[in-house]
J.: 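Sharing a structure with you now.
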Amino acid sequence: MADYDVDLFVIGAGSGGVRAARIAAGYGARVAIAEEYRIGGTCVVRGCVPKKLYVYASRYADEFVDAAGFGWTVPEPTFSWERLVAAKEVEITRLSGIYETNLRKAGVAIHKQRAVVTGDHAVRLADGTDVTAGVILIAAGGGATRGDFPGAELTISSSEAFDLPEFPKRIVVNGGGYIAIEFAGIFAGLGADVTLIHRGDKVLRGFDEDVRDEVAEGLKKRGVTLLLGDEIAEVAAVEGARRVTTKAGVTLDVDQVMLAVGRAPLTADLGLDATSVMRDHRGAIMVDASSRTNVPSIYAVGDVTDRLNLTPIAIREGHAFADTVFGQKPTAVDYTNVATAVFATPEVGVVGLTEAQARATFGAVDVYKARFRPMKATLSGRDDKVLMKIVVDAATDRVVGVHVVGEAAAEMIQLAAVAVKMGATKADFDDTVALHPSAAEELVTLRTKWTPS
Ligand code: NDP
C-alpha cells in the first residue's frame, strides 16, 4: 500500500475506531484517525461511562435512607448537580486523554477534525487536506433520533442531559428503551419529578416479559410516573417551562423534555455518495462478516453499521477488522449470547433468549424463576424484590437464557454469560455449590419448574 499516504484511515475515534487503529498500527500499518468531537466517542464521552457515574450518583438516595435500618443516623443529605457534572468532566477528560495517549504510543496520527470520504481511497479533512489511504474504516457511530412533533427543537437528547447547566426538577423522558429507562432512574434518584412517556404498553420491548414487568414496577416504586400507550403531540415554551401535550391529551409543565426514541447511524454528510458504498433504509452501512462494504477498500464497524449496538461489540468488530486486514488472521465476531445490562434502578442483566424466543426456537422449554426479597431489604425495610429467571431447552437441558433484575444484576450476568456461552446445562448450574449468603446463589438453587398458574 506504499502508493497511499497511509495504509489505514479511520473516521471516528470511538470504541471501534480506536481499537481498530491501535491494533492495525501494531501490525505495522501506517494509520491515521480523525475525530470531530472528543477522542473516546459516545461511550466514553456521552454514553456508557458518564451514564454509569450518574447511575452511581442516583443510587445514593436510597442508600442514605436504607442506612437507618442498619443503625446509622444520616444528616439530611443534599445534592449538587454542578459538583457531579464537574466531577464527571474530570473523569471523562482523564479517560479521553488515555485513549489519545494510547493512540499516539501506537504511532497513530491523530487529526482532531471532521473527515469525509471523497473516493474509494481518499478522505478530506475539514481543513481541506486530502489524504489517500489503502483502506478506509468508517467508525462514525450513531446519534440520537430527533422528534418530528411541533416543538421538537425544545427537547434534549441524552447527550445534552449530561451537561445541563441546571438540574431539571421536573423532567419528561420519552421512550421505553435502554436510554429512557436508565435516565428515568438517574433523574428520579437525584430527586427530580420524572414522567416517562412511552408509546408501547410496556417498557423495554425485546426483553423477557417478566423483566419488563419488574422494571416498570421498580420505576414506579422510585416515584417515576409512567404514561404508557401515549406519545408526545407537542412541546411548547411557556414561562419558565416546557409544556408537553400528549396525544391522549395529558398536559405537563416541566423543566426539560428528554427524547430517547432510538439512535440512528451517523452516515449522512460522510461523503459516501462519492463512492458506491451501500446503505440500508436507516442509513446503516452494509457490511459482510468481516465488516467490509461492497467497496473492497472501505470497511465499517460499530453503530454506524447498526448490527448489535453495544460498545464491546464495536471493540470486537474493530479488533477483528484489524486482525483480518492487517494481521493476516481472518477473524469474525460471534454475536450469540452477548450479555447486556440496563442500568436502571432496579438493574437488569440478561444473556441469551427470552422465554418467548426460546419457545419459538425450541418448542419445549423449562422455566425456573424466583422473585424474592433481597437480604439487604430485611433491615432497610425497603420494598425491594429480585427477579431471577432461567430458561432451559427441555430437549437438551441447555440453559439458553438467564434474566436477572435487581442489585448487581449486571455483575452477575457477566459471569452467567460464561456458562451460557460454554453451553452449560441446568444440571451444571445445579451441580454448582451455592455461595451463601448472596443473591446470585439463587441461580444455582432453583429446582422447581415454573408452571403458569
Ligand atoms: P432503543 O432502541 O433501546 O429504544 C428506543 C425507544 O424509543 C423504544 O422504546 C421505542 O419504542 C421508542 N420509539 C422509537 N421510535 C419512536 C417514536 N417515533 N415515537 C415514540 N417512541 C419511539 O433506543 P435507545 O435510544 O434507548 O438506545 C439506543 C441503543 O443504544 C440501544 O438499543 C442499545 O443498543 C444502546 N444502548 C445500550 C446501553 C447499555 O448497554 N446499557 C445503554 C444505552 C444505549 P418501541 O419499543 O415501541 O419501538
Side-chain angles (χ1 to χ4, degrees), residues 14-16 41-56 141-152 155-162 172-186 195-209 211-212 215-216 219 226-235 244 246-248 257-266 282 284 302-317 335 338-351 354 404-405 409-411 413-414 417:
S15 301
T42 300
C43 178
V44 171
V45 178
R46 44 192 176 184
C48 337
V49 174
K51 180 271 308 288
K52 186 86 188 274
L53 295 173
Y54 283 21
V55 167
Y56 283 130
T145 308
R146 310 303 305 198
D148 55 4
F149 45 79
T155 66
I156 59 167
S157 74
S158 56
S159 299
E160 292 81 47
F162 287 116
V172 158
V173 178
N174 184 207
Y178 282 85
I179 297 178
I181 300 305
E182 292 180 339
F183 273 86
I186 288 170
T195 304
L196 185 93
I197 301 177
H198 172 45
R199 66 180 179 183
D201 58 350
K202 282 187 182 187
V203 297
L204 291 178
R205 185 165 59 83
F207 283 75
D208 191 273
E209 293 301 313
V211 169
R212 301 175 78 187
V215 169
L219 286 171
L226 299 186
L227 286 188
L228 299 175
D230 203 356
E231 288 176 59
I232 295 181
E234 184 182 5
V235 177
V244 178
T246 72
K247 289 190 176 168
V257 182
M258 188 189 120
L259 299 192
V261 290
R263 293 175 65 83
L266 285 175
R282 297 192 72 229
D303 287 8
V304 83
T305 62
D306 202 18
R307 284 176 279 183
L308 186 52
N309 298 331
L310 297 170
T311 295
I313 290 292
I315 292 172
R316 289 228 162 183
E317 288 170 352
Y335 294 90
V338 175
T340 177
V342 185
F343 291 98
T345 305
E347 194 164 288
V348 177
V350 303
V351 64
T354 65
V404 181
V405 182
E411 307 293 338
I413 216 68
Q414 176 68 87

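Remember, it's 1-based here, ligands and their atoms both numbered in the order they're listed.
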J.: May I ask you to list the atoms of ligand 1 that are less than 4.0 angstrom from any heavy atom of Ala260?
T.: 5 (C), 6 (C), 7 (O)

J.: Who are the side chain to side chain contact (heavy atoms under 4.5 Å, CB included) partners of Ala260, not counting sequence neighbours?
T.: Ile179, Ala180, Met258

J.: Below a 4.0 angstrom heavy-atom separation, can you tell me which part of Cys48, side chain or backbone, both or neither, approaches ligand 1?
T.: neither

J.: Any donor and acceptor pair, going by atom type alone, linking the side chain of Asp230 with main-chain N or O of Ala248 inside 3.5 Å?
T.: yes

J.: With atom 12 (C) of ligand 1 as the reference point, say which of Val261, Thr42, Val348 has the nearest heavy atom.
T.: Val261

J.: Just do the ring pair (Phe, Tyr, Trp, His ring centres under 6.0 Å) check on Phe183 and Phe343 with the steps written out, would you?
T.: CA-CA 9 Å; Phe183 273 86; Phe343 291 98; over 10 Å; no

J.: Checking a contact table here: which protein heavy atom is nearest atom 5 (C) of ligand 1, and how many Å away?
T.: Gly262 N, 3.5 Å

J.: With heavy atoms under 4.0 Å as the rule, classify the contact between Leu310 and ligand 1 as side chain, backbone, both or neither.
T.: side chain

J.: With a 3.5 Å distance limit and no angle check, can you tell me whether Asp306 reaches the backbone of Ala284 through a side-chain donor-acceptor pair?
T.: no

J.: Do side-chain atoms of Arg212 reach the backbone of Leu204 as a donor and acceptor pair under 3.5 angstrom?
T.: yes

J.: How far is atom 48 (O) of ligand 1 from its nearest protein heavy atom, and which residue and atom is that?
T.: Arg205 NH2, 2.7 Å

J.: Tell me, with the steps shown, if Glu209 and Lys202 meet salt bridge (Lys or Arg N to Asp or Glu O under 4.0 Å).
T.: CA-CA 9 Å; Glu209 293 301 313; Lys202 282 187 182 187; 2.7 Å; yes

J.: In terms of atom number and element, which parts of ligand 1 are under 4.0 angstrom from non-hydrogen atoms of Gly176?
T.: 6 (C), 8 (C), 9 (O)

J.: Which ligand 1 atoms does Lys51 reach within 4.0 Å, using its non-hydrogen atoms?
T.: 41 (N), 42 (C)

J.: Atom 4 (O) of ligand 1: which of Gly177, Ala144, Ser157, Gly47 has the nearest heavy atom?
T.: Gly177

J.: For ligand 1, is there an N or O atom under 3.5 Å from any N or O atom of Gly200?
T.: no

J.: Just jot down the ligand 1 atoms closer than 4.0 angstrom to any heavy atom of Arg263, in number order.
T.: 28 (C)

J.: Specify the protein heavy atom at minimum distance from atom 31 (C) of ligand 1: its residue, its atom name, and the distance to 0.1 Å.
T.: Tyr178 CD1, 3.5 Å

J.: Can you check whether Ile315's main-chain N or O pairs, donor with acceptor, with Ser15's side chain at less than 3.5 Å?
T.: no

J.: Quick check: Gly175 and ligand 1, any N/O pair under 3.5 Å apart?
T.: no

J.: I need the minimum non-hydrogen distance between Pro50 and Val44, along with the two atoms involved.
T.: CD-O, 3.3 Å

J.: What is the closest protein heavy atom to atom 42 (C) of ligand 1, and at what distance does it sit?
T.: Glu182 OE1, 3.3 Å

J.: Considering only the protein, which heavy-atom contact is closest to atom 17 (C) of ligand 1, and what is its distance?
T.: Arg199 NH1, 3.4 Å

J.: Which atoms of ligand 1 sit under 4.0 Å from any heavy atom of Ala341?
T.: 39 (C), 40 (O), 41 (N)

J.: Examine Asn174 against ligand 1 and note whether any of their N/O atoms are separated by less than 3.5 Å.
T.: no

J.: Which heavy atom in Arg146 sits nearest to a heavy atom in Ser157, and how many Å separate them?
T.: NH1-CB, 4.0 Å

J.: Quick one, Ile313 and Val338 - any side-chain contact, counting heavy atoms below 4.5 Å?
T.: yes

J.: State plainly whether the residues Glu231 and Lys247 are in salt-bridge range, i.e. N to O under 4.0 Å.
T.: yes

J.: Checking a contact table here: which protein heavy atom is nearest atom 44 (C) of ligand 1, and how many Å away?
T.: Ile179 CG1, 3.5 Å

J.: State which residues pass side chain to side chain contact (heavy atoms under 4.5 Å, CB included) with Val351; sequence neighbours excluded, sorted by chain then number.
T.: Asn337, Ala339, Val402, Ile413, Ala417, Val420

J.: Hey, is ligand 1 close enough to Asn309 that some N/O pair sits below 3.5 Å?
T.: yes

